[in-house]
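First comes the structure, then the notes that go with it.
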Amino acid sequence: MSEIIRRDPRREWIARNRLHPEYAAVLAALGVNRGGGAVSEWLGPNGVVRKDPRAIGFIGPNGVKRIDRSGLQQGGQATAASTAARDSRRTVTIDQPAFLVAVVPDLTGGRLSGHDKDLLGLARRVADADAEQPGAVVAILFGEHKGEGDGELKEQTLGEAGIDRVVHLDDEFYAGFSPEARLAALSAVEREMTPRFWLLPDSPLGGADLGRRLSLRLGERAATGVWQIEADHESPLGWRCTARGGAGSLDIQRPLPRVALVLAECAEPVDETRHAAEHLTLAASIPTTLSRIEDLGQVAVDPAGVALAEAEFILSGGNGVKQWDAFHHAAKVLGATEGASRVAVDDGFMARDRQVGATGTWVTARVYMAVGISGAIQHLQGIQRCDKVVAINLDPGCDIIKRADLAVIGDSTQILAALVAMVEQQRGGQRDAA
Amino acid sequence: MQPDRQQQQQGIDVAVLVSIGRHPTTGRARRAEQDARGLELALAMEAELPGTRISVLHAGPQADDSESALRGYLGMGLESMTLLEQPAGSDAILSLVEHLAATAPQLVITGARAERGEGSGLLPYALAEHLGWPLVNSLASVEKVENGVVTLLQALPRGQRRRLKVRLPAIISVDEAAPVARQSAFGPARRATFAITPTTPEADSELAQWHLAPARKRPKRLKIVKAASARDRFKAAAKSEGKGGQVLADVTPEQGAEAIYKLLKEEDVLR
């Protein structure tokens, strides 16, 4: 074939005229027609790519045609590409693991915390170091797992965090402070599976305590406060770690032992793969130990005495709160620590130490309830690390509504009163039943 | 009944393990923060439970700077303390286990972590494992001691407290949640004496092999955006992650309150 481009001036003329009856057929003959719609790109007569802006784009919400030039949409067939982008996680199944890495996440409030996800990311790094002989990550979960959603979706959360196998121990004697029962369960896992590594979070929520107990039970000198690991062929297990020691004043480099307690942000959480999260049950029954520690349950603490920065549940009031007595009463009934926006503090309704936001306290509550707060950027900064935000506001367009997981539009006084009545009624009912 | 009750009120033997601390800015030797809180807890028990005997233990070398740090504890109102003498760099666990097994106190109080050296916080757990005693970490206060059972308040994260009953003998470790230690008085600290007990030390060979360096600043985690297209990258850079929660408009206050109540129940924050 000669490389000279042959031109057909008549066809080109038709291709320029959208109203010509043979227009579509000519375009199809000229370019590669994808998807059956009108062709948006073809090779021009001089070897230059020509584009037809009329063939691409979509009709926007206001009936105006929009063209997205980001590359997501081409010639009106965008949907397939965008769904592929959304579901891009690679499914990984490890049937015959070369070794096991055991992980015991904290599972605070029934969910994997950020620290847990970092820990699982580290476990994945250790397990996947040798691509030919990958190890499997076994997670031992104590207590209820809530996850996001129900059923299959719940398992997916575990798989997406990088867990291959799950040992879920949901008996009631693992609830509360039960280090002896948990240790017995972990010892059973050790006997049955003999994982190469035990990784736990070095967190005050339970991992730090349980991990140290476990390491002494296994006769290992655990590395604590590990924040970095590197492959090292001279070490017995093939890894070297850097750990914080001496009250945060030292970095200790040592070979990674079998038991390691790791700090938050020690590794990136898993975000490219999805693992099987296959459930395992222990073959041998776990011996029940006679506990010398009896848990009498949590003690009611005065929520007002809890520091705002570490309170679990905060009821925060702003400019929209009109009846402060009712607000204080609601905080008391709900058992919430009180917070306030800057306006409420400036107006003298709340003390300065109760201010939430950039100039006040940066809070870490699990549930943050904002009543009559519109959500200035300084305030939203202060509540960045809260898990769930509930907003009660009159204005449906304000910024806190966008941040909130649950927003109720309405009069805050009435809604709080209804909530208080509901809680009191439920408590009364429970007492009758007991 | 009266004499029997008095028997109970006799009090218990408490051993407090103390270490040499390190001032966070100057790096000078001082009394360790957590250990001092542990001693404060023991002194509070002594005041409440007459007849409680406190013995303070330290395993380490006998030197000038460590002595001045240890006198910080003595100045809290003690007449003497036991020094298990061993050269620097020896394993403290073995000599402590030996001493505790010999003297058999009913309650051992330690700080959660040392401020010098490895500072892994493994020591209380090692003692518990060697002696076979139960261990409670992160103690806030001791409520009462009765019939060989001690009732404790354990500090949980987020300012919560948990009540525990532990059979004696037991080990309890103390961190920042315990009450602040009293000031150390200079005069009593000078007058107090050390009872020096020689031990058969064993060098901590493992620690000697590790590489210890001043702590580096940990790298800040970067926000990594993995986007296939320019549009996604722009969205990630321009917008904060608005998850788009549930918005209830045009509902009665009761319906709104019910939705909130459901969420609070789900999150388990209502007690």
Side-chain angles (χ1 to χ4, degrees), chain A residues 68 70-72 85 109 177 204-205 209 212-213 216-217 221-222 224 227 244-254 265 271 292-301 306-307 310-313 334-335 366-367 388 390 396 401-402 404-411 414-415 418-419 422-423, chain B residues 22 24 113 115-122 125-126 129 134 136-138 153-154 157-167 206 210-216 218 221 224 226 228-231 242-243 245-249 251 253-254 256-261 263-264 267-271:
Chain A
D68 182 357
S70 66
L72 261 189
F177 187 65
L205 296 161
D209 182 50
R212 288 185 171 86
R213 285 177 201 268
L216 266 302
R217 182 59 53 89
R221 188 164 177 178
T224 60
W227 59 277
R244 275 284 139 93
S249 65
L250 288 175
D251 270 343
I252 302 172
Q253 277 211 351
R254 57 177 287 193
E265 300 195 1
D271 63 351
R292 285 164 298 177
I293 302 172
E294 190 188 344
D295 189 351
L296 302 180
Q298 281 204 18
V299 182
V301 277
V306 178
E310 60 170 13
E312 193 170 29
F313 176 27
L334 296 173
R366 276 211 292 129
V367 180
K388 296 265 173 188
V390 181
I401 305 288
K402 290 172 197 151
D405 297 274
L406 172 66
V408 182
I409 312 297
D411 182 46
Q414 288 176 13
I415 293 173
L419 184 61
M422 201 171 284
V423 172
Chain B
R22 178 186 177 279
R113 283 175 186 226
E115 294 177 6
R116 283 167 181 270
E118 191 188 357
S120 62
L122 283 170
Y125 295 89
E129 194 68 29
V136 176
N137 65 324
S138 187
L153 273 189
Q154 187 188 29
R158 300 189 175 284
Q160 302 296 311
R161 296 280 184 271
R162 180 155 57 193
R163 189 167 286 138
L164 300 172
K165 254 187 182 176
V166 185
R167 191 160 288 283
E206 223 175 317
W210 300 341
H211 177 70
L212 272 66
R216 263 190 300 149
R218 282 184 67 184
R221 174 178 274 179
I224 298 171
K226 282 183 181 155
S229 68
R231 187 161 176 265
K243 280 158 288 174
Q246 187 191 2
V247 179
L248 298 177
V251 289
E254 282 72 30
E258 202 173 337
I260 296 172
Y261 181 76
L263 187 139
L264 297 182
E267 289 297 317
D268 201 21
V269 286
L270 289 179
R271 298 194 199 292

For the pair B:Leu248 and A:Leu406, evaluate side chain to side chain contact (heavy atoms under 4.5 Å, CB included) and give the outcome as yes or no after the intermediate values. CA-CA 8 Å; B:Leu248 298 177; A:Leu406 172 66; 4.1 Å; yes

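Distance check, rounded to the nearest 0.5 Å: CZ of A:Arg366 to CG of B:Leu264 gives 10.5 Å. A distance of 5.5 Å separates CZ in A:Arg213 from OH in B:Tyr125, rounded to the nearest 0.5 Å.
With a 4.5 angstrom heavy-atom cutoff, A:Pro204 touches chain B via backbone and side-chain atoms both. Residue A:Asp271 touches chain B through its side chain alone, counting heavy-atom pairs closer than 4.5 Å. If you measure heavy-atom distances from A:Ala311 to chain B, the contacts under 4.5 Å come from the backbone alone. If you measure heavy-atom distances from B:Leu263 to chain A, the contacts under 4.5 Å come from the side chain alone. The part of B:Arg113 that comes within reach of chain A is its side chain, from C-beta onward, which places non-hydrogen atoms under 4.5 angstrom from that chain. Of the two parts of B:Ser120, the backbone and the side chain both hold a non-hydrogen atom closer than 4.5 Å to a non-hydrogen atom of chain A. If you measure heavy-atom distances from B:Arg116 to chain A, the contacts under 4.5 Å come from the backbone alone. When heavy atoms are compared at a cutoff of 4.5 Å, B:Glu129 approaches chain A solely by way of its side chain, counted from C-beta outward.
The heavy-atom pair separating B:Pro253 from A:Gln414 by the smallest distance is CG-OE1, 3.1 Å. What you find for A:Ala418 and B:Ala257 is that their closest heavy atoms are CB-CB, 3.6 Å. What you find for B:Arg216 and A:Asp251 is that their closest heavy atoms are N-OD2, 2.9 Å. Closest approach of B:Lys165 to A:Leu296, counting heavy atoms only: CG-CD1, 4.1 Å. The shortest non-hydrogen separation linking B:Pro134 to A:Arg292 is CD-NH1, 3.5 Å. Taking each heavy atom of A:Ile293 and B:Leu164 in turn, the nearest pair found is CG2-CD2, 4.3 Å.
We find that B:Arg218 and A:Glu265 are not joined by a salt bridge, their nearest charged nitrogen and carboxylate oxygen being 4.0 Å or further apart. Taking the charged nitrogens against the carboxylate oxygens, B:Glu118 and A:Arg221 do have a contact shorter than 4.0 Å, which makes a salt bridge.
Looking only at heavy-atom pairs under 4.5 Å with chain A, the residue among B:Val136, B:Leu153, B:Leu122, B:Leu212 that has the most is B:Leu122. Of the listed residues A:Ser249, A:Pro396, A:Ala222, A:Gly245, the one with more heavy-atom pairs under 4.5 angstrom with chain B than any other is A:Ser249. Heavy-atom pairs under 4.5 Å with chain B peak, among A:Val299, A:Thr224, A:Val408, at A:Val299. Chain A forms more heavy-atom pairs under 4.5 Å with one residue of B:Val251, B:Val166, B:Val269 than with any other, namely B:Val269. Chain A forms more heavy-atom pairs under 4.5 Å with one residue of B:Arg161, B:Arg221, B:Gln154 than with any other, namely B:Arg221. For the set B:Glu206, B:Glu267, B:Arg22, the count of heavy-atom pairs under 4.5 angstrom toward chain A peaks at B:Glu267. Per-residue counts of heavy-atom pairs under 4.5 Å with chain B were compared for A:Ile252, A:Val306, A:Leu205; the largest is that of A:Ile252.
Between A:Phe177 and B:Asn137 there is a side-chain heavy-atom pair separated by less than 4.5 Å. Counting heavy atoms from C-beta outward, A:Glu310 and B:Pro157 have side chains that stay 4.5 Å or more apart.
Side chain of B:Arg158 to main chain of A:Ala307: no donor-acceptor pair is present (N/O by atom type, distance under 3.5 Å, no hydrogens or angles). Side chain of A:Arg244 to main chain of B:Gly119: no donor-acceptor pair is present (N/O by atom type, distance under 3.5 Å, no hydrogens or angles).
No more than 12 heavy atoms of other residues, nucleotides or ligands shown are found within 6.0 angstrom of CD on B:Glu258.
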